[in-house]
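These notes are about the structure you will find just below.
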Amino acid sequence: MTTPAPAHRRATGPAWVTFIGVALMLIAAVAAGFAVRAFIGVLPSGVLALDGSPGGDVVAVVDAGGQGTATLEPGSYTVWLAAADSEATLTGPVQVTGPDGRTAELRDPSTSSQVTMGDTHAVASSTFTAATAGQYVVTVPAAVPSAAQVLIVPAGSERDFVTGLLGTVGGAFLSVGLALVGAGMVVGGGIWWWVRRHPKPRPVA
């Protein structure tokens with residue numbers, strides 16, 4: 001009985017499966033990058049700096065129990081309460097008076113937002129709309145049980161928030177799905193490729 005040399009078969013199919021799997025994994029990495037970027041865009045990163053001080057988006061800072069002014073452009077603004085104690089609250093509502101002497105209506109924020117940087121914890125407490133440009137007077141009641149500050153920050157649009165949130169979730173699911181499919185194709189294609197390149201000899205009587 002002689003054993004002929006195994007016939008070498010072309011590995012075009014396994015190669016294509018493997019290369020497509022690698023491409024899907026690369027696309028998954030790109031999708032993950034977009035998801036991370038969208039998630040960062042949703043975060044209120046301009047409220048507090050890394051050391052806990054007021055961030056770059058803050059247009060006015062008023063100590064609790066005091067009064068201050070803010071020069072505002074027409075638009076929506078969020079009132080943030082920042083303190084070292086996360087349990088700190090104000091003894092009453094913040095009052096915002098416009099340049100025309102009218103008191104702005106404060107509303108509950110559409111989404112619950114909070115951020116902690118360093119030793120400072122900030123939570124979005126209310127929102128208001130500046131109808132006209134000018135100097136606004138911000139009156140802040142006392143805080144308990146510790147000192148606190150009120151930060152006035154331009155409010156991001158709800159559409160931008162929802163778009164960023166959907167982009168984060170969608171990008172995460174897409175990247176995970178593509179990574180799983182791509183990894184499966186790489187493993188399966190690699191095994192198929194090895195079998196094609198190393199066929200078993202067929203005995204001949």
Task: Separation between CG of Leu151 and CG of Leu48, rounded to the nearest 0.5 Å - done: 6.5 Å
Task: Close side-chain approach of Met117 to Asp51, heavy-atom, < 4.5 Å - done: no
Task: Residue Glu73 excluded, over 12 heavy atoms near CD under 6.0 Å - done: no
Open item on the list: Looking at every non-hydrogen atom in both residues, tell me the closest pair between Pro99 and Ala133 and how far apart they are.
Closed with: CG-O, 4.1 Å
Open item on the list: As an exercise, state the distance from CD of Gln149 to OG of Ser53, rounded to the nearest 0.5 Å.
Closed with: 9.5 Å
Open item on the list: A quick test of your reading: do over 12 heavy atoms of other residues, nucleotides or ligands sit less than 6.0 Å from CZ of Arg102?
Closed with: no
- [ ] Working to the nearest 0.5 Å, report the span between CH2 of Trp80 and CD of Gln114.
- [x] 8.5 Å
- [ ] Count the heavy atoms of every other residue, nucleotide or ligand shown that sit under 6.0 Å from CG of Asp100, and state whether that count exceeds 12.
- [x] yes
Task: Gly182 versus Leu24, closest heavy-atom pair with distance - done: CA-CB, 3.9 Å
- [ ] Specify whether Tyr136 and Phe128 have parallel, tilted or perpendicular ring planes, treating 30° as the upper limit for parallel and 60° as the lower limit for perpendicular.
- [x] tilted
TODO: State, yes or no, whether a side-chain contact exists between Leu72 and Val59 at a heavy-atom distance under 4.5 Å.
DONE: yes
Open item on the list: Ignoring hydrogens, what is the shortest heavy-atom contact between Pro145 and Asp85? Give both atom names and the distance.
Closed with: CG-OD2, 3.4 Å
Open item on the list: Given 3.5 Å as the limit, does a donor-acceptor pair link the side chain of Ser125 with the main chain of Val79, or not?
Closed with: yes
Open item on the list: Tell me if a side-chain donor or acceptor on Thr91 pairs with a main-chain N or O of Ala142 at a distance below 3.5 Å.
Closed with: yes
Open item on the list: Ignoring hydrogens, what is the shortest heavy-atom contact between Ala64 and Leu90? Give both atom names and the distance.
Closed with: CB-CD2, 4.0 Å
Task: Thr129 to Ala104 - nearest heavy-atom pair and separation - done: O-CB, 4.3 Å
Task: Validation row: Val94, Val138 side chains within 4.5 angstrom (heavy atoms) - done: yes
Open item on the list: Between Asp57 and Val47, is there a side-chain heavy-atom distance shorter than 4.5 Å?
Closed with: no
Task: Ile152 vs Val58 side-chain heavy atoms within contact, under 4.5 Å - done: no
Task: Side chain to side chain, Ile20 and Val186, heavy atoms closer than 4.5 Å - done: no
